[in-house]
Amino acid sequence: MSVKYVPVQWNKNKWYYNFFMVAGVAGFLFLFLYVSPQLLSHEKSINPQVHNARAFGACAFLMLSIILCIGPLARLDKRFLPLLYNRRHFGVMTAFVALTHFGYILDWYFAFSKSSKYETLIFSNTSYGQIVGFPFEAFGLIALVSLLILATTSHDFWLKFLTAPVWKRIHYLIYVAYISVAAHISLGILQDQQNHAFTAIFLVAALTVISLHVIAFLHERKSGDPKAQSDTDGWVRVCEASEIPEARAKIAVLPNGDRVAVFRMDNKLSAISNACAHQNGPLGEGKILRCLVTCPWHGFQYDVRSGRSPAPFTEIIPTYKIAVRDNVVLVDPNANPPGTYVEPVEVPA
Amino acid sequence: MKKDTTPFFVGYLKPAKKLRSFLLAVGVGLALLLTTFGIVIGGTQDDPGYGSFRFDYGPQTVSGVVEMLPYPILHVTDGNERVPAGETLMLTAGGKTGVAQRAARFDGKKVKATGVVLERGALNMLQLRGGKRGLDAIDGEEATAPTPEPLGKWKLAGEICDGKCLAGAMRPGRGLAHKACAALCLIGDIPAVFVSTKPVEGADFLMVLGKDGEALPKAAYDYIAQYISVEGDITRHGNLLVFTIDPGTIEVLE
Ligand code: FES
């Protein structure tokens with residue numbers, strides 16, 4: 001959460017995160033670029049431009065695969081949540097690696113002619129009507145543009161400027177990017193090699209991404225948030241008060257589809273919207289730290305009674321009227337305007 | 001009240017001890033996995049073929065007779081150690097441009113040609129220097145191109161690509177990933193070449209032309225870099241085989 005925008009708000013965890021990320025990428029590129037040529041017993045070596053392009057292209061694909069695994073993994077096992085925390089740095093780095101791949105290809109295969117290399121990219125191969133021999137570069141271009149849009153809008157400034165729902169929708173472009181990359185690879189290099197080691201790695205990576213998404217989806221359907229049951233006067237039942245641990249919450253889906261999170265702080269209950277004002281993170285999976293509800297995704301904080309971020313921050317989220325009857329927690333499903341104070345309800349320890 | 005044991009992490013706080021070792025393992029594991037992929041993928045690249053620019057020979061100057069096919073070729077009459085007499089060279093300029101226009105006025109004439117050799121087995125090409133220093137007539141000397149020798153009708157399986165990248169200007173210089181580049185070279189008038197899967201009269205590479213002896217027809221462009229079979233006539237020009245194809249007979253092979 002920020003009042004003023006700085007390029008990156010660094011902290012120790014981000015440094016650790018980036019250290020492992022850069023170590024992996026640097027390790028990949030170093031071995032690919034400088035060690036692997038010595039292992040290849042080719043009479044004449046592959047042109048460095050092509051070798052480099054392949055290294056950066058394969059690296060970008062694997063990075064993208066890892067990025068796409070993080071979301072479902074974190075949904076399946078909360079211990080992976082920290083990987084989500086700094087994912088945008090990973091994304092920005094992927095965009096740069098992909099851009100480098102593009103640069104090598106453009107300056108090699110599409111250069112040295114009388115026309116500009118950007119023009120030749122469009123007109124050299126126009127066999128759009130066929131699968132084998134299709135200008136697979138087009139898919140690479142779609143992926144690259146998507147990644148660049150994602151990278152440039154990754155900063156919180158854009159999130160605030162575009163509003164969280166719009167931003168989130170734009171960021172589904174990551175799937176467009178991945179599908180395009182998969183098509184780019186399948187119609188390009190996979191059609192054109194004798195050694196199928198990369199084909200195997202490509203398939204395993206893509207299948208891992210797909211199956212993790214399916215498993216996380218099924219898991220969420222099975223063990224997703226419970227529906228609030230209707231009660232008298234239009235109120236709904238969320239859970240039993242004793243089910244809510246201290247400093248934690250229970251989430252329930254309201255009749256209109258929104259989610260409410262009921263927190264316990266010092267044995268008093270408060271109900272707030274489950275959606276964080278930052279990126280819709282699940283506040284109900286967060287924890288109260290020093291009297292403030294803390295979002296599990298990026299740590300934005302709110303006063304549980306008013307849904308307001310502590311000064312100088314200005315984020316506000318809706319609150320709900322709450323009551324407890326016979327140990328059953330009830331809320332009024334009509335949300336209060338964001339930032340409305342609601343007196344917490346005392347419950348037994 | 002229920003007790004809560006699930007770990008909680010926020011980016012700006014130190015993670016709990018148990019979570020820390022888990023994250024460390026994941027971080028190290030991912031970094032190692034990526035590194036391993038680097039060497040596995042990098043170490044399993046296909047051989048790009050043995051063609052190459054022979055800059056190591058230095059610029060070569062030979063004389064011979066130009067024949068326009070319409071791609072220009074040079075029948076070497078006075079060669080040297082590197083490029084002996086009797087050799088037939090395809091001619092090209094620097095980059096992805098041919099020299100058909102420059103060479104046309106020397107058709108059937110004796111010339112002096114200087115440039116860098118590109119070599120891939122029996123496939124030879126000369127990348128001419130610019131202007132007259134690259135190609136100029138030798139006045140007063142007569143010479144004739146060898147009479148073409150027809151070798152009959154053939155059906156060949158293989159791939160159409162550009163002669164320059166194949167000869168070694170690019171490694172790899174053929175294949176589907178190289179298709180756009182091959183097309184760009186052919187648009188730029190670089191001689192088209194057919195790489196045959198089975199040698200024809202000892203040659204794996206043949207210059208490829210349209211049915212009426214014109215430069216590669218546009219109808220064949222969609223099939224560049226693909227594994228195809230095609231029918232046509234083969235003629236020997238010097239020691240270069242020329243395959244005039246009928247694009248209508250192209251079949252895509254698996
Ligand atoms: S802090 Fe980012 S979603 Fe809550």
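Lettering of chains follows the sequences in order, A, B, ..., and the numbering in each one begins at 1.
Counting only residues at least two apart or in different chains, side-chain hydrogen bond (donor to acceptor under 3.5 Å, both in side chains) contacts with residues 29-45 of chain B comprise Arg54(A)-Gln45(B).
Heavy atoms closer than 4.5 Å to chain B are found nowhere in Pro135(A), neither backbone nor side chain. Heavy atoms closer than 4.5 Å to chain A are found in the side chain of Leu23(B), but not in its backbone. If you measure heavy-atom distances from Phe80(A) to chain B, the contacts under 4.5 Å come from both the backbone and the side chain.
Of the N and O atoms on the side chains of Lys179(B) and Ser127(A), at least one donor lies less than 3.5 Å from an acceptor on the other residue.
At a threshold of 4.5 Å between non-hydrogen side-chain atoms, the residues Leu39(A) and Ile39(B) count as touching. Taking 4.5 Å as the limit, every side-chain heavy atom of Ile66(A) sits out of range of all side-chain heavy atoms of Leu33(B). Two residues are said to be in side-chain contact when any heavy atoms from C-beta on lie closer than 4.5 Å; Ile187(B) and Thr120(A) fail this criterion. Taking the side chain as every heavy atom from C-beta outward, Arg171(B) and Val50(A) never approach each other to under 4.5 Å. Contact annotation: the side chain of Thr97(B) never approaches that of Phe112(A) to less than 4.5 Å [non-hydrogen atoms, C-beta and beyond].
One finds the NE2 atom of His42(A) at 15.0 Å from the OH atom of Tyr50(B) (value rounded to the nearest 0.5 Å). Note that the CZ atom of Phe8(B) and the CG atom of Leu289(A) stand 5.5 Å from one another [nearest 0.5 Å]. Distance check: Arg79(A) CZ to Leu19(B) CG gives 8.0 Å after rounding to the nearest 0.5 Å. Atom-to-atom distance recorded for Met21(A):CE and Leu30(B):CG is 12.0 Å, nearest 0.5 angstrom.
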Checking Phe9(B) against Leu81(A) for the side-chain contact (heavy atoms from CB on, under 4.5 Å) test, could you report, in this order, the C-alpha distance in whole Å, the side-chain angles of both residues, the deciding distance, and whether it holds? CA-CA 8 Å; Phe9(B) 168 85; Leu81(A) 266 174; 5.5 Å; no

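Taking the six-membered ring wherever Trp is involved, the centroid distance between the rings of Phe37(B) and Phe32(A) does not fall below 6.0 Å.
Considering every non-hydrogen atom in both Phe20(A) and Leu24(B), the closest pair reads CZ-CD1, 3.7 Å.
Among Ala225(B), Ala183(B), Ala180(B), the residue with the largest count of heavy-atom pairs under 4.5 Å with chain A is Ala180(B).
The closest donor-acceptor contact from the side chain of Lys96(B) to the backbone of Ala111(A) lies under 3.5 Å.
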